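Got a structure for you, questions after.
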Amino acid sequence: MRIAVCGLGKVGRPILDTLRVKGFAAIGYDCVPAKSEAKLSDAVDQSDAAIFIVPTPSNEDGSFSNVYLIQALERFKNSIPMREKKDYLYIVSSTTVPGSCENFRKIVGDNICYKPEFIRLDHVRNDLLSPAFTLIGEASKEAGDRSEQIYRQIADVPVKRMSLIEAELTKITLNCALTMKISLANQLHLVAKKLGADSEKIMDAVGTDPRIGLAYLKPGWPYGGPCLPRDNRMFRFVAEKVGVNACLSEAADKINEAMQA
């Protein structure tokens, strides 16, 4: 498939480069002309599918705004020739509030998938080329099959396919799990410091248990970056909307704030 990447920021540009490294005919589009490789019409004409990785800014309540994502989806849909609309594949990679992709489905139809990236900002290219697994949320089996075909050419790793909302929840839950591991190490650090104990030695022993693992158990470092704090707050927003108390996410943030004080 020929693929367009919509949104050429810190993640979109590496995604575009990764596709080209793996042999895809890929073209980059951004609404900012200085960033874009092509006009919207050319990007659509030269692609059979598009990956959308545009900003979803945080709202005050912890949710994410879909304004830019909806604009991008609508612009692509409106630029596709009528005879090709039913075959064009839309792949959303921007982090979204669970339930958002079902709303996007009303805009572009069943040929939509949600495929988030799990990356570290200092290791974006490596994480794109060598992910632990591929997560695909699908509105239809056909869309899921086509998306899997793309991503299996990028990395030969396990593929987890599920519904759109299940994939959206998986993305934020994974990042919540990381914040909780970091906060566990930091909770221990705060206690051990008072007792004159070495928190790194303790966490090294705890992490040796394969049920826990050593990754992200580095005492003394709060979590930050564009994903972990946002996704943790968003999980709380989603939980509260359905009447569930996300006390673990709240506690992780409180410990993180204590480490930053």
Side-chain angles (χ1 to χ4, degrees), residues 1-40 42-57 64 66 68-73 75-76 79 88-96 100-101 104 108 111-138 143-144 146-161 164 167-168 170-172 174-175 225-228 230-231:
M1 275 182 279
R2 303 172 303 162
I3 304 171
V5 176
C6 178
L8 299 180
K10 292 180 179 179
V11 180
R13 176 62 67 175
I15 288 176
L16 180 64
D17 293 341
T18 298
L19 290 168
R20 288 172 173 164
V21 165
K22 290 298 180 174
F24 288 95
I27 188 168
Y29 168 77
D30 197 285
C31 64
V32 178
K35 291 183 179 181
S36 192
E37 293 184 345
K39 296 185 296 183
L40 175 60
D42 293 333
V44 170
D45 287 343
Q46 297 176 39
S47 61
D48 310 298
I51 297 171
F52 295 85
I53 181 70
V54 302
T56 50
F64 297 167
N66 291 328
Y68 302 126
L69 196 44
I70 290 172
Q71 287 176 352
L73 290 166
R75 286 172 181 168
F76 265 72
S79 298
Y88 200 84
L89 177 63
Y90 301 81
I91 301 173
V92 175
S93 284
S94 303
T95 303
T96 57
S100 296
C101 283
F104 303 154
V108 300
N111 228 18
I112 183 171
C113 283
Y114 177 65
K115 198 284 174 185
E117 302 292 352
F118 299 99
I119 53 175
R120 301 159 294 173
L121 278 184
D122 292 339
H123 307 276
V124 174
R125 296 180 191 280
N126 182 68
D127 289 347
L128 288 172
L129 288 167
S130 302
F133 70 103
T134 296
L135 174 65
I136 297 174
E138 58 194 51
R146 293 177 68 193
S147 293
E148 181 173 346
Q149 181 184 358
I150 292 170
Y151 289 99
R152 281 203 180 276
Q153 293 181 61
I154 294 174
D156 184 16
V157 296
V159 177
K160 305 294 184 181
R161 286 173 59 172
L164 293 169
E168 289 171 317
T170 298
K171 200 277 182 183
I172 60 172
L174 189 149
N175 279 341
C227 291
L228 297 185
R230 285 201 340 141
D231 284 3

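Quick caveat, the model's predicted, so the values are computed rather than measured. Values below: every heavy atom of this structure, side chains too, minus hydrogens, waters and symmetry copies.
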Exercise for the section: Would you sort out whether Thr134 and Lys160 count as a side-chain contact (heavy atoms from CB on, under 4.5 Å), showing the intermediate values? Expected result: CA-CA 6 Å; Thr134 296; Lys160 305 294 184 181; over 6 Å; no
Handout entry: Of all pairs that satisfy side chain to side chain donor-acceptor pair (under 3.5 Å), the ones with a partner from residues 5-20, not counting sequence neighbours
Key =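 Listed once each, the pairs are Arg13-Glu37, Asp17-Arg125, Arg20-Glu37.
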Can you give me every donor-acceptor pair (side chain of residues 22-29, partner residue at least two apart or in another chain, under 3.5 Å) with its distance?
| from | atom 1 | to | atom 2 | distance (Å) |
| --- | --- | --- | --- | --- |
| Lys22 | NZ | Ile154 | O | 3.4 |

Handout entry: Nearest-0.5 Å distance that lies between atom OG1 in Thr170 and atom CG in Asn175
Key =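 Taking OG1 in Thr170 and CG in Asn175, the distance rounds to 11.5 Å.
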Practice task
Output, in order, the C-alpha distance, side-chain angles, deciding distance and verdict of side-chain contact (heavy atoms from CB on, under 4.5 Å) for Tyr114 and Ile136.
Solution key: CA-CA 6 Å; Tyr114 177 65; Ile136 297 174; over 6 Å; no
Handout entry: Sub-6.0 Å ring centroid separation between Phe104 and Phe52
Key =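 Centroid distance Phe104-Phe52: not below 6.0 Å, so no.
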Problem - Other residues, nucleotides, ligands: >12 heavy atoms within 6.0 Å of Tyr68 OH - result: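 12 or below, so no.
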Exercise for the section: State, with a plain yes or no, whether a side-chain heavy atom of Glu168 is found less than 4.5 Å away from one of Ser100. Expected result: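 Touching, per the 4.5 Å side-chain cut-off.
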Handout entry: Contact summary for Ala43 and Ala38, nearest pair of heavy atoms
Key =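 That would be N-CB, 4.4 Å.
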Problem - Spatial distance of atom CD1 (Ile70) from atom OG1 (Thr56) [nearest 0.5 Å] - result: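 Separation between the atoms: 11.5 Å.
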Handout entry: Heavy-atom side-chain proximity of Leu121 to Pro226 below 4.5 angstrom
Key =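 Yes. Closest side-chain heavy atoms under 4.5 Å.
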Problem - Closest contact, heavy atoms only, Ser147 versus Leu89 - result: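 That would be OG-CD2, 3.8 Å.
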Practice task
Heavy atoms only: give me the nearest Asn111-Ala143 pair and the separation to one decimal.
Solution key: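 Smallest interatomic distance, heavy atoms only, reads OD1-CB, 3.7 Å.
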Problem - Side-chain donor-acceptor contact under 3.5 Å, Thr95 with Lys171 - result: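 Yes.
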Problem - Pairs satisfying side chain to side chain donor-acceptor pair (under 3.5 Å), at least one member in residues 149-158, at least two apart - result: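 For residues 149-158, and leaving out neighbouring residues, the side chain to side chain donor-acceptor pair (under 3.5 Å) pairs sorted by first residue read Glu148-Arg152.
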Exercise for the section: Look up atom OG in Ser94 and atom CG in Asn66, then write down how far apart they are to the nearest 0.5 Å. Expected result: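 The CG atom of Asn66 is 9.0 Å from OG of Ser94, to the nearest 0.5 Å.
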Exercise for the section: Determine whether Val92 and Lys115 make a side-chain contact, defined as any pair of heavy atoms from C-beta on separated by less than 4.5 Å. Expected result: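 Not touching, per the 4.5 Å side-chain cut-off.
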Exercise for the section: For residues Ala72 and Val54, report the shortest heavy-atom separation together with the two atoms involved. Expected result: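 Here Ala72 and Val54 meet closest at CB-CG1, 4.4 Å.
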Problem - Set of residues satisfying salt bridge (charged side-chain N to carboxylate O under 4.0 Å, His left out) with respect to Arg146, sequence neighbours excluded - result: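 Salt bridge (charged side-chain N to carboxylate O under 4.0 Å, His left out) check on Arg146 returns nothing, list empty.
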Practice task
Give the minimum heavy-atom separation between Ala49 and Met1, together with the two atoms involved.
Solution key: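 The pair with the smallest heavy-atom distance is CB-SD, 4.4 Å.
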Handout entry: Sequence-distant partners of Asp30, side-chain hydrogen bond (donor to acceptor under 3.5 Å, both in side chains), two or more places apart
Key =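 Checked Asp30 against side-chain hydrogen bond (donor to acceptor under 3.5 Å, both in side chains); zero matches.
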Handout entry: Atom of Pro131, atom of Ala155 and distance for their closest heavy-atom approach
Key =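 In terms of heavy atoms, the two residues are closest at CD-CB, 3.6 Å.
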Handout entry: Separation of Ile51 CD1 from Ile91 CD1 (nearest 0.5 Å)
Key =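 Answer for the CD1-CD1 pair, Ile91 versus Ile51, is 5.0 Å.
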Problem - Between Glu117 and Ser93, a side-chain donor and acceptor under 3.5 Å - result: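 Distance-only check fails for Glu117 and Ser93.
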Problem - Which residues share a ring pair (Phe, Tyr, Trp, His ring centres under 6.0 Å) with Tyr88, sequence neighbours left out - result: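 Testing Tyr88 for ring pair (Phe, Tyr, Trp, His ring centres under 6.0 Å), a comparison that skips the adjacent residues, returns Tyr90.
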Exercise for the section: Drop me the distance from Leu129's CG to His123's NE2, to the nearest 0.5 angstrom. Expected result: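 Going from CG on Leu129 over to NE2 on His123, the span is 14.0 Å.
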Problem - Any side-chain heavy-atom pair of Ile3 and Ser47 under 4.5 Å - result: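 In short, these two side chains do not touch, never coming nearer than 4.5 Å.
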Problem - side-chain contact (heavy atoms from CB on, under 4.5 Å) assessment of Phe64 paired with Thr96 - result: CA-CA 6 Å; Phe64 297 167; Thr96 57; 6.0 Å; no
Exercise for the section: Evaluate the side-chain proximity of Cys31 to Arg75: yes if any heavy-atom separation is below 4.5 Å, no if none is. Expected result: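 A side-chain contact under 4.5 Å exists here.
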Practice task
Report the C-alpha separation of Phe76 and Leu40 in whole Å, then their side-chain angles, then the decisive distance to 0.1 Å, and conclude whether the side-chain contact (heavy atoms from CB on, under 4.5 Å) test is met.
Solution key: CA-CA 7 Å; Phe76 265 72; Leu40 175 60; 3.4 Å; yes
Practice task
Output the distance between atom CG (Leu8) and atom CD1 (Ile15), rounded to the nearest 0.5 Å.
Solution key: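 Nearest 0.5 Å value for the CG-CD1 distance: 10.0 Å.
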